[in-house]
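One structure is given here, and the rest of the page talks about it.
FYI, side chains are in, hydrogens and waters are out, and symmetry mates aren't considered; it's all heavy atoms of this structure. If you read the sequence from its start, that first residue is 1, and numbering goes on from there.
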Amino acid sequence: METIQHPNLEVCVFNAAKEGNYESGDSYFTVVTDDYFICSVADGLGNGPIARESSQVIPQILKDGHHETIDGLMHRFNKLMYQKRGAAVAIFKVDFKKKTLEYSCVGNIRFYLYRKRTDQMIYPLPVMGYLSGRPQKLRTQTYTYEEDDLFLIHSDGVELRSPKSMMRMAGTPGRLYQNILTTVRTVDDATFISGSLLK
Ligand SMILES: [Mn+2]
């Protein structure tokens with residue numbers, strides 16, 4: 001487990017290749033600064049190195065480009081998919097000052113924001129399909145968050161029957177991580193990131 005401890009958030013990350021594969025076709029990348037947290041998960045189409053070639057576009061761009069807008073970043077990811085297999089990609093940015101969470105997704109990556117105080121769940125809808133290098137419509141949405149909200153993002157190698165009750169029961173990213181871990185099978189590459197927004 002990789003973890004991030006920061007005054008504004010606490011994050012746990014899981015990433016594994018499917019059984020028999022050396023490399024995961026999923027990639028993820030996180031950036032945390034004094035002002036914001038950016039997190040992206042990508043699931044490359046196909047298998048092994050071919051899948052990884054597409055999903056690795058995400059860390060490549062985010063390393064130096066994380067100050068750019070979410071839509072700008074998604075379009076840059078998309079352009080780099082040209083002549084690759086393509087990937088499902090989700091990205092979100094937590095702005096610690098504005099107390100907002102901006103989310104965009106194309107394809108089969110799931111994201112949940114769970115508000116403990118009101119027992120409410122926010123699940124932004126993705127744009128169907130995947131980033132392929134062709135012109136891409138985006139549906140980027142902005143939410144406000146509250147102290148102690150929990151989030152979860154995962155690729156389709158993780159299947160959860162009831163994410164809301166899991167998040168409610170776990171309460172912390174560490175426990176959510178442990179609980180999800182027991183459900184992960186090795187039939188696909190699997191990535192999940194649990195986190196808590198502390199202030
Ligand atoms: Mn997958």
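Rounding to the nearest 0.5 angstrom, the gap separating the CD1 atom in I4 from the SG atom in C39 is 7.5 Å. Here CD1 of I61 is found 4.5 Å from CZ of R76. Values are rounded to the nearest 0.5 Å.
H6 and F96 get closest at one heavy-atom pair: CE1-CE1, 3.7 Å. When all heavy atoms of G72 and T69 are compared, the pair lying nearest together is N-OG1, 2.9 Å.
No more than 12 heavy atoms of other residues, nucleotides or ligands lie within 6.0 Å of NZ in K98, so this atom counts as exposed by the packing criterion. Other residues, nucleotides and ligands contribute over 12 non-hydrogen atoms within 6.0 Å of the CD atom of Q178. The 12-atom threshold is not exceeded at CD1 of I50, counting heavy atoms of other residues, nucleotides or ligands nearer than 6.0 Å. For R110, the CZ atom is loosely surrounded, since the number of other residues' heavy atoms within 6.0 Å does not exceed 12. A 6.0 Å sphere centred on CZ of R168 holds more than 12 heavy atoms belonging to other residues, nucleotides or ligands.
When each of T30, I91, V32 is tested with I38 by the rule side-chain contact (heavy atoms from CB on, under 4.5 Å), just one qualifies, namely I91. Among R117, K99, K116, the single residue meeting the side-chain contact (heavy atoms from CB on, under 4.5 Å) criterion with E146 is R117.
Judged purely by distance below 3.5 Å, without hydrogens or angles, the side chains of T191 and D26 pair a donor atom with an acceptor atom. Under 3.5 Å, the side chains of N21 and N47 contain a donor-acceptor pair of N or O atoms.
Every residue meeting the ring-ring contact (aromatic ring centres under 6.0 Å, His included) condition with Y36, not counting sequence neighbours, appears here in chain and number order: H66.
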| request: Might you work through the side-chain hydrogen bond (donor to acceptor under 3.5 Å, both in side chains) test for E10 and S196, ending with a clear yes or no? | output: CA-CA 5 Å; E10 186 188 334; S196 185; 5.5 Å; no

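Salt bridge D149/R115: present, at least one basic N to carboxylate O contact under 4.0 Å.
Apart from M167 itself, the hydrophobic cluster it occupies contains M1, F14, Y112, Y114, M121, Y123, L150, L152, V158, L160, M166, L176, Y177, I180, L181, V184, F192, where clustering links Ile, Leu, Val, Met, Phe, Trp and Tyr at side-chain heavy-atom distances under 4.5 Å.
Side-chain atoms of L113 and Y103, non-hydrogen and from C-beta on, never get closer than 4.5 Å to each other.
For an aromatic pair to be called close, the ring centres must be under 6.0 Å apart, and F151 with F92 satisfies this.
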